[in-house]
Amino acid sequence: MLIDRYILGRFFTNFAILFVLLFFFAAAIDNILNLDEFVEAARDIEGEDAGTWEVAATLLRVTLDFQAPRFFQFFAYLHGLVAIGAMAFTLAQMFRNKEIVALLAAGMSMHRIAMPFIIGMFSLSLIQLVNQETMLPKVAPLLLRGHGEIGTKGARDFEVLLMADARSNLWHAASFDPVDRVLTGPTILERDARGRTIRRISAARANWNADEQYWVLEDGREVVTPSPEDGNADRLLMSTAVETYASDITPEILTIQRYNQFAAMLSLRQIAELLDMGVTNGRSLRRYQYARFSAVLVNVLVMVIALPSFLLREPTSLMQRSIVCASLSITCMMGAAFFMMADIAAMRPAVSVFLPVIVLFPVALGRITTIHT
């Protein structure tokens, strides 16, 4: 246990150092490339008459406001690869300090030395699940902002073009505010089986009621089109008031329609609620739902595949082993991510997202048996 705590401590320390350095490096590159947008946003907030120090302070604030939420997204995307790098640095340090030789001389096998790294990767994957369920849904509106939206509360309003819900009704709105979850000028066309409009609903605004799961319409009016089959074709069209409207078109669905990456930021509870409503893109949401768990197994298997590159008894070139390890890890991670997100029509999402696990398991088993111990 003492050796395990020692190795895990070195592993997590190297992970923290490597992760923070990579994040700050990426943030610094982004700030340098888009410095004009950051400075312009700071000047717009402070006004043209603001002094240099006021603009500088606001520049620092808007930079932190823009980059800080990306810390959680950065962790979600790269924690697996960074953990592989932390393993490589940890074992390289132990080789340089002859600690591996001492452990082998004490009778500890290479497989026993590998266990703390596998446990560490599994722990980081569990932390990512917590990050996915708690932090990413909260900062999702901030992550949707582009560099032209620096300093705002979230992504800008966008027009809702004609889109169909689960009942084939057509929706259109002049704009949708993803932060306040408000539709401006919505129009809903209900259609029959032949695609003819049988009811038209319009309103000045529509506010989403999250508790009751429906839209609250302001100045909502509905017009029912007479049906020729009922002999009412000559009846006058009458406009009546309507206050609420329930549909599977939720603020989350509208945001996903505009920003595809938003679906990856939803929690399991939010995805389950959308699936219970029978949304039209249920297959893609189920892939995101099951991929949370398959990603944990993929990370552990890739760690097992990468470990033999550094668990060696004989002296060797660490640069050569690092290139081999990076090639294997990046290939496995990128390939697994592609197949987990690919929509394989012949398979259910619950099966297709675990295909990388099925493929990587024998590879990991073969790699771990190559360790000489």
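Nothing here was measured: the structure is a model prediction, and the numbers come from that model. For this chain, numbers begin at 1 and follow the sequence in order.
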Looking at L64, is its backbone amide N or carbonyl O close enough to the side chain of Q67 to form a donor-acceptor pair, meaning the two atoms are under 3.5 Å apart? no
Can you tell me how far the CZ atom of F122 sits from the CD1 atom of I127, to the nearest 0.5 Å? 11.5 Å
Determine yes or no for a side-chain-to-main-chain donor-acceptor pair under 3.5 angstrom, with E273 supplying the side chain and Q270 the backbone. no
Let me see the working for Y290 and F354 under ring-ring contact (aromatic ring centres under 6.0 Å, His included), right down to the final yes or no. CA-CA 8 Å; Y290 294 117; F354 285 96; 7.2 Å; no
Residues at least two apart in sequence or cross-chain that pass side chain to side chain donor-acceptor pair (under 3.5 Å) with Q73, listed by chain then number, are none
Check whether T369 reaches the backbone of G366 with its side chain - one donor and one acceptor, N or O, closer than 3.5 Å. yes
Without hydrogens or angle criteria, can the side chains of E222 and T240 be said to hold a donor-acceptor pair below 3.5 Å? yes
Can you sort out the partners of D65 under salt bridge (charged side-chain N to carboxylate O under 4.0 Å, His left out), two or more places apart, ordered by chain and number? R145
Is a side-chain N or O of D165 found less than 3.5 angstrom from the main chain of W171, in a donor-acceptor match? no
Between the main-chain N or O of I249 and the side-chain N or O of W215, is there a donor-acceptor pair closer than 3.5 Å? yes
Do the side chains of E99 and R10 get close enough for a salt bridge, i.e. N-O under 4.0 angstrom? yes
Option among R269, R292, K138 that satisfies the salt bridge (charged side-chain N to carboxylate O under 4.0 Å, His left out) test with E133: R292
Ring pair (Phe, Tyr, Trp, His ring centres under 6.0 Å) filter on F75, not counting sequence neighbours, yields F19, H79
Dump the intermediate steps for side chain to side chain contact (heavy atoms under 4.5 Å, CB included) on K153 and V179, then the final yes or no. CA-CA 7 Å; K153 297 188 299 181; V179 177; 4.3 Å; yes
Does any N or O in the side chain of R61 come within less than 3.5 Å of the main-chain N or O of G151, such that one atom is a donor and the other an acceptor? no
May I ask you to test the F66-D30 pair for a side-chain heavy-atom distance under 4.5 Å? yes
Output field: ring centroids Y214/Y245 closer than 6.0 Å: no
Say whether, by atom type as modelled, one donor and one acceptor occur between the side chain of H111 and the main chain of I368 under 3.5 angstrom. yes
Are S309 and R367 close enough that a side-chain donor and a side-chain acceptor fall under 3.5 Å? yes
Is it true that atom CZ of R191 has more than 12 heavy atoms of other residues, nucleotides or ligands lying nearer than 6.0 Å? yes
Answer yes if the side chains of N209 and E212 hold a donor-acceptor pair under 3.5 Å, and no otherwise. no
Under a 4.0 Å N-O cut-off, is there an ion pair linking D192 with R199? no
